[in-house]
2 protein chains.
Amino acid sequence: MARLAADISSGRLAPGARLPTEQALTEALGVSRTVVREAVAALRADGLVVTRRGSGAYVAEQPAGPFRIAAPRTSVLSDILDVMELRLAVEVEAAALAAERSNRAEVGAIRNAWRAIDGALRKGEGAVAEDFAFHRAIAEATGNSQFPRFLTFLGSHVIPRQSVRLSVDTSAERRAYLERIQHEHERIVAGISHRDPAEARRAMREHLTRSLERYRKLAEGEKHGRG
Amino acid sequence: MARLAADISSGRLAPGARLPTEQALTEALGVSRTVVREAVAALRADGLVVTRRGSGAYVAEQPAGPFRIAAPRTSVLSDILDVMELRLAVEVEAAALAAERSNRAEVGAIRNAWRAIDGALRKGEGAVAEDFAFHRAIAEATGNSQFPRFLTFLGSHVIPRQSVRLSVDTSAERRAYLERIQHEHERIVAGISHRDPAEARRAMREHLTRSLERYRKLAEGEKHGRG
DNA sequence: CTTGTCAGGTTGTCCGACAGATTTAGATGA
DNA sequence: TCATCTAAATCTGTCGGACAACCTGACAAG
C-alpha cells in the first residue's frame with residue numbers, strides 16, 4: 001500500500017493511468033489477493049485511486065489525499081506549537097470575516113458561548129470545552145463552512161494537551177489566568193459585534209499569540225529541564 | 001462503514017470502547033466478513049479505530065479523522081471560494097512568519113521561484129506551476145512544516161481550476177494580468193527580504209484578495225449567466 | 001500469591017468460487 | 001469495407017471456509 005501510494009504521489013503513476021490488476025499485484029508482491037485488495041481499498045478511501053468494477057483501478061484525476069497531522073507519538077511540544085500557529089492564522093482571519101459578515105443570530109451564538117465560559121468559571125471549572133465552543137462559534141459566523149471544519153480538525157489535535165498547561169498552575173494563578181483569558185474574549189466579541197474587522201483581528205491575534213507564547217515558554221522549560 | 005463512523009464521531013461509541021467483533025457485525029448487518037473487514041480497515045486508515053490482533057477493534061483514544069475537502073462533483077464555484085479564503089488566511093500569516101524567521105537560503109529560494117515565474121512569462125507560458133512553487137517557497141520559509149503541508153493540500157484542490165479563469169481572457173489581457181500579478185509578487189518578496197512582517201502581510205493579503213475578487217466576479221457571472 | 005498451561009475467542013492472511021460489469025475479439029450482415 | 005451484434009475473456013465486488021498468530025481468561029500447580 002505504501003509502495004503504491006508513493007508511486008502515485010511521486011507522479012510515477014500518472015493521473016488516469018491504470019493500476020496493475022489485483023492478480024498481477026498478487027504475483028508481483030507475493031501476497032494474497034485479500035492483502036492487495038485491502039491496500040487499494042485504503043488508497044481509494046484516501047481518494048488517490050478510483051476503481052471501476054469489471055474494468056480496473058485507476059489513479060484519480062486529481063490525486064488529492066486528505067490532510068493529516070502526525071500521530072500523537074511524534075507530537076512533541078514543538079509540533080504542537082506548529083499546529084497552534086496554523087490555528088492562529090485561521091482564527092485571526094475568521095474573526096475578521098465574522099466581524100464583516102455575521103448576522104444577528106451568529107453574534108448571539110458567540111455571546112452565548114462567551115457566557116457559557118463565564119458560567120463554567122464561576123463554578124470553578126476549567127471550561128476547555130466551552131472555550132473551544134466559543135472559538136468555533138466565531139468560525140461558524142464567517143459563513144464559510146471550511147473555517148469551522150478546519151478548526152474542529154485542528155482542535156482535535158491540540159485540545160487534548162491543553163490540560164497539561166493548566167495543571168502546572170496553582171489554583172489562584174489558574175483563576176487569574178482564566179479571567180484574563182475571558183477578558184481577551186470580551187474584546188474579540190466587541191470587535192465582531194461592532195463590525196470592526198481590524199479590531200477583531202487584532203484582538204484575536206493578541207489572544208492567540210499570548211496563548212502561543214505561554215506554550216512556547218513551557219516548551220523551553222521542558223527542553224532545558226528534562227531533556 | 002458510514003454507520004460505524006457516525007457512531008464514533010457522534011460519541012455513541014466512546015474512545016477506548018471495543019467494537020463488535022467481525023463475526024457479530026457480519027450477522028448484524030447481513031454482509032460477509034470481507035465487507036466488514038474492509039469497513040473497519042477504512043476506519044483504521046482514518047485513525048478512528050485501532051485493531052489489536054487476537055483482541056479486537058477499539059475506538060481510538062483521540063478519534064481525529066483527517067481533514068477532507070468535498071469531492072470535485074460538489075465543488076461548485078462557491079466552494080472554491082471558501083477554500084480560497086482559507087488559503088488566504090494561511091498564506092497571509094505565512095508571509096509574516098517568513099519575514100520574521102526566514103534565513104538567507106530560504107529568501108534565496110523565494111527569489112528563485114519569483115525569477116522562474118518571470119522566465120515562464122517571457123516564454124509566454126501560463127506559469128501556474130511556477131506560481132504555486134513561489135507561494136510554497138514562502139510557506140517553507142516559515143520554518144513551520146505545517147504551513148507548506150497545508151498549502152500543498154489546499155493547492156491540490158484549487159489549482160486544477162485556475163486554468164478556467166485564464167482561458168476567458170484574450171492573449172493581451174492575459175499578459176497584462178500576469179505582469180500585474182508578478183508585480184504583486186515583487187512587493188511580497190520585498191516585504192519578506194526587508195524583514196518587514198507587516199508589509200509582507202499587507203502585500204500578500206492584497207495579492208490574494210484581488211485573486212479572490214476576480215474569482216468572485218466570475219462566480220457571479222456564472223450564476224446569472226447560466227444557472 | 002505467583003506461575004505455567006490450556007482452551008476459547010479474535011484478528012490477519014490465504015484460498016477458491018461466483019455474480020456483476022466491462023472490455024475485446026470474432027462473427028455476421030449490409 | 002464498414003457497422004453491428006454476440007460471445008468469450010477479464011476484472012472487480014462479494015461470499016464462504018480455513019488456518020496461523022495472538023490475546024484473554026480460567027484453572028491447576030507450586
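To the nearest angstrom, C1' of C:dT10 lies 10 Å from CZ of B:Arg53. Atom CD in B:Glu22 sits roughly 15 Å away from atom P in D:dG16 (whole-Å rounding). Taking atom CG of residue B:Leu25 and atom C1' of nucleotide C:dT11, one finds them 13 Å apart after rounding to whole Å. Regarding A:Glu38, its CD atom lies at a distance of 15 Å from the P atom of C:dC15, rounded to whole Å. If you measure from atom CD of B:Glu27 to atom P of D:dC15, you get 14 Å, rounded to the nearest angstrom.
Between B:Thr34 and A:Thr21, the residue anchored closer to the 5' end of DNA chain D is A:Thr21, taking for each the nucleotide with the nearest heavy atom. Nucleotides of DNA chain C nearest to A:Gly54 and A:Ser32 differ in position, and the one nearer the 5' end is that of A:Ser32. Between B:Ala57 and A:Arg33, it is B:Ala57 whose nearest contact on DNA chain C lies nearer the 5' terminus.
Here the side chain of A:Arg18 pairs a donor or acceptor atom with the backbone of A:Ser55 at under 3.5 angstrom. Listed for the A:Asn144 side chain is a donor-acceptor partner under 3.5 Å among the backbone atoms of B:Asp82.
When heavy atoms are screened at a 4.0 angstrom cut-off, B:Gln23 is found touching no nucleic acid atom at all.
Remark: B:Ser55 is not in phosphate contact with D:dC22, judged by side-chain N or O atoms under 4.0 Å from OP1 or OP2.
Under a 4.0 Å N-O distance rule, the pair B:Arg136/B:Glu140 qualifies as a salt bridge. Checked for salt-bridge contact, B:Arg37 and A:Glu38 meet the test: a charged N lies under 4.0 Å from a carboxylate O.
Of the candidate nucleotides C:dT23, D:dC23, C:dG12, C:dG12 has the atom nearest to the side chain of B:Arg37.
Interface remark: the A:Arg52 side chain does not form any donor-acceptor pair with the D:dG13 base, using a distance-only criterion of under 3.5 Å.
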